[in-house]
Amino acid sequence: CLRSYLCSFDRLPISLKIPLGLFVCFFYPPEKGDFLALDLGGTNFRVLLVKVSDNGKQKVEMENQIYAIPEELMRGSGSELFDHIAECLANFLERLGIKNQKLPLGFTFSFPCQQTKLDESILVSWTKGFKSHGVEGRDVVSLLRKAIKKRGDFDIDIVAVINDTVGTMMTCGYDDHHCEIGLIVGTGTNACYMEEMRHLELVEGDEGRMCVNMEWGAFGDDGALDDLRTDFDREIDAGSLNPGKQLFEKMISGMYMGELVRLILVKMAKEDLAFKGHTTPDLLTTGHFQTSFVSAIENDKSGLVSAEKVLRGLGLDPSGEDCVATQRVCQVVSTRAAHLCAATLVSVLRQIRDNKAAERLRTTIGVDGSVYKNHPQFARRLHKMVRRLVPDCDVRFLRSEDGSGKGAAMVTAVAYRLATQHAERQRVLDALRLSREQLLEVKRRMGEEINRGLAKESHDQATVKMLPTYVRSTPDGTEHGDFLALDLGGTNFRVLLVRVRGGKRRSVEMHNKIYAIPQEAMQGTGEELFDHIVHCIADFLEYMGMKGASLPLGFTFSFPCHQNKLDQGILLKWTKGFKATGCEGEDVVSLLKDAIHRREEFDLDVVAVVNDTVGTMMTCGYEDPLCEVGLIVGTGTNACYMEEMQNVELVEGDEGRMCVNMEWGAFGDHGELDDFSTEFDRAVDDCATNPGKQRYEKMISGMYLGEIVRNILLEFTAKGLLFRGKLSERLKTRGIFETKFLSQIESDRLALRQVRSILQHLGLTSSTCDDSILVKEVCSVVARRAAQLCGAGLAAVVDKIRQNRNLSELKITVGVDGTLYKLHPHFSSIMHETVRDLAPQCEVTFLQSEDGSGKGAALITAVACRIRDAGQR
């Protein structure tokens, strides 16, 4: 029978999964304060005041009072039941003189419920003789709050509602950290245990564990126990308030154990096997043989005396043999109950053992309930059978002396702390969440700075410099030849050979090689930097078998430059961590030519110097003639677009268009973004190589987002809101939280387990599932703000183009490049959504540059060579 029962266990319906992952962090840090608990699960209920103090060692003191629930309320209206509970609660508060305090309360509600959050519990069905109407299908927390509000003479904060089984596990877990199973065998029966999150498909996340309320009393409702149930079980079920429901509970729990004995005794009497075939009205009356009689009759010393007394109380005249037979019936019924309970527990233990992949499991089961506590043999039989069935598990049974109310109070203490911490975390993160009104204001201010940068009079004061690029023509398909391109804009740079073929079968063939720029070259002298670049060009020409060749070269130089012609770029300032001396204020084309001459190996014709943004626009423009905007969101960020010549006041002439390099990373350098900036942005700016500069870029680009996240994590940890308040030395290191971690952590395919591995890489070896969830939220908030700010700036650009052309609607393509845009799982979609929302009159297509900005530089060079050759002819 037990084997059959265990095989059936796999079909046990888990009707509720309680979101109680907070159990894993229960003891860190110690809770303290005064908490109320309400324990409702039978004909009596308790109200408790639990005082938790922390003077070096946590101490718990409790005061409680038991109140009865009249039978008419158990079967009357739900509002009357909860009014009675509220009245008893008021009485308790008044007796202790704390009625004017608003204390947090934990509600132990020991009936099958569906929970989606800790302070909401929808009653699925009444059990244990309750039938109050108007409650099933409703939130019991709301009903209790309504009853309290109706009184109006006190107020409490209901923080958590839990099952008595969970409360028992929490109560015992306070004393024994190995406790991971809760068991109730009393009026009803139920169990809970800590299950691996990866097995809980109804709950998001796969890291850590969560308490599962099994509601195992309903086991067998699908027929799984039909071969074990007897005629007596079926008779009890038929006469119950909930026929066909809670069939397992009806074979085990105290509410039905005495009734089972009574039905067997009636059967024996009617078949002349006891009481000389006589019955009495009391013996025939349902409920007259109480479960407490079973406990008394099975007492080793006074059992037979008790049997005679009970039987005579039922109007019978028992013989000595009748008393012995009655005791035997009690033993059979209670033993079956204990063994059935043991069998289910064994399945739970095996599940936990398998989860841990342990050869031997050491665990503790917290137990409560009148049958377990009061029956003289039940606990011993249960323990013995469990150990017999799982000899490879060392199981300790820990009796809950304080009931489940203490557990409810402790859950409340944890939940109250977590709710306070959550509110503080959200307060911090809300500063990084931008409303639509704020984004529209960013768009408006960007528009103002665009106009200031274009105007000759205000150009010098503008933060968005709107630099002319002298790129006025796009490829027409007749370009041909071999061109070199150099793409410098970050810690790596590329050298490319681009073969352009014109005509009907026009094509672009590319060969390239990536080279690193050492930190010492970035931070050393200009000569050292450009000598390194020329060394790499020489290596590339040799690699391509073109040593000594002289080719036209396009130079993608992705730093703010002032241009007076296509082949000249005066560096205004370094960005992105570059600090090479002797370069700012100098023509970078001349610096490159000087380095070539110093090497004396080859000569190159530098035809064009362009920004990477312009190169990206040209690359995408080769594929899509509607592409008139270039955008980079990578290590840094910038944009360019085709502006009307009449608006470009720094260049003479007002016919046609010219590509303008916005250098929008400096937007905000005069305070335009101060009211959107946070303490974390200011911390990043203060420690940067260029404090006070590139403020917009520092809120958007890949070079800084990881550092913003790191500063938020430091703040949260210092406040005890993350990593249990314990910092790692690595997390204190500036730049250690790379922006690529944001992309990895926010990946929809990345499980929380993998997020935790990233945190372990940062020295946070004891981080929890909840830590991983919070880190993911921080990354999401920071990346979302970056994408929205970028989208607001771009919305200003496309709306400017639309207004320039006096169009009611504009159709345009934006060429985009950059690691953040390409690799972050959500950045691009959030940015697109923001542009659509803030520039509704523009139909914007985004074309991702697959070939980088180097191809664009080569194409600009090809166009310039075509125009130059045509002029010479």
Step by step, would you call Glu601 with Lys547 a salt bridge (Lys or Arg N to Asp or Glu O under 4.0 Å)? CA-CA 8 Å; Glu601 267 187 33; Lys547 189 175 181 180; 5.1 Å; no

Chi angles and distances behind the salt bridge (Lys or Arg N to Asp or Glu O under 4.0 Å) call for Glu672, Arg445: CA-CA 7 Å; Glu672 300 92 341; Arg445 294 181 192 180; over 6 Å; no

Would Arg501 and Asp482 satisfy salt bridge (Lys or Arg N to Asp or Glu O under 4.0 Å), going step by step from the backbone distance to the final call? CA-CA 9 Å; Arg501 300 293 175 259; Asp482 293 353; 3.6 Å; yes

List the steps and the verdict of side chain to side chain donor-acceptor pair (under 3.5 Å) for Asn611 and Ser558. CA-CA 5 Å; Asn611 189 277; Ser558 306; 4.9 Å; no

Quick one, Phe741 with His761, criterion side chain to side chain contact (heavy atoms under 4.5 Å, CB included). Give me CA distance, side-chain angles, the key distance, then yes/no. CA-CA 11 Å; Phe741 293 158; His761 167 73; 3.7 Å; yes

List the steps, then state whether side chain to side chain donor-acceptor pair (under 3.5 Å) holds for Asp681 with Thr678. CA-CA 5 Å; Asp681 298 303; Thr678 67; 2.9 Å; yes

Could you go through the side chain to side chain donor-acceptor pair (under 3.5 Å) check for Asn690 and Lys698 one step at a time? CA-CA 10 Å; Asn690 55 348; Lys698 287 170 183 169; 3.1 Å; yes

Pair Glu649, Arg452 - check salt bridge (Lys or Arg N to Asp or Glu O under 4.0 Å), show working. CA-CA 11 Å; Glu649 294 184 11; Arg452 282 164 54 80; over 6 Å; no

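Other residues, nucleotides and ligands contribute at most 12 non-hydrogen atoms within 6.0 Å of the CD atom of Glu655. In the displayed structure, Lys693 atom NZ is contacted under 6.0 Å by at most 12 heavy atoms of other residues, nucleotides or ligands. Within a 6.0 Å radius of NE2 in His826, other residues, nucleotides and ligands contribute more than 12 heavy atoms. In the displayed structure, Glu509 atom CD is contacted under 6.0 Å by more than 12 heavy atoms of other residues, nucleotides or ligands.
A side-chain N or O of Tyr641 and one of Glu643 form a donor-acceptor pair less than 3.5 Å apart. Using modelled atom types, one finds a donor on one side chain and an acceptor on the other under 3.5 Å when comparing Gln694 with Lys573. No side-chain donor-acceptor contact under 3.5 Å links Asp612 and Asn638.
Proximity of Leu432 to Ile712: side-chain heavy atoms (C-beta onward) are separated by under 4.5 Å at one or more points. By the 4.5 Å heavy-atom criterion applied to side chains, His459 and Leu467 are counted as neighbours. Counting heavy atoms from C-beta on, the side chains of Val684 and Phe680 never come closer than 4.5 Å. Side-chain contact between Thr616 and Thr619 is absent, with no heavy-atom pair separated by less than 4.5 Å.
Looking only at distances, no side-chain donor or acceptor of Glu697 sits under 3.5 Å from a matching main-chain atom of Gly665.
The aromatic rings of His824 and Phe827 sit perpendicular to each other, their planes meeting at more than 60°, with 30° as the lower class boundary. A parallel orientation is assigned to the rings of Phe846 and His832, their planes being inclined by less than 30° (bins at 30° and 60°).
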Please tabulate, one pair per line, all N/O donor-acceptor pairs under 3.5 Å involving side-chain atoms of residues 537-544, not counting sequence neighbours.
unit_1, atom_1, unit_2, atom_2, d
Asp539, OD2, Lys513, NZ, 3.1
Asp539, OD2, Tyr515, OH, 2.5

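No option in Glu449, His670, Glu663 other than Glu449 meets the side chain to side chain donor-acceptor pair (under 3.5 Å) test with Thr463.
Atom CZ in Arg802 sits 5.5 Å away from atom SG in Cys842 (nearest 0.5 Å).
When all heavy atoms of Ser747 and Lys776 are compared, the pair lying nearest together is O-NZ, 4.1 Å.
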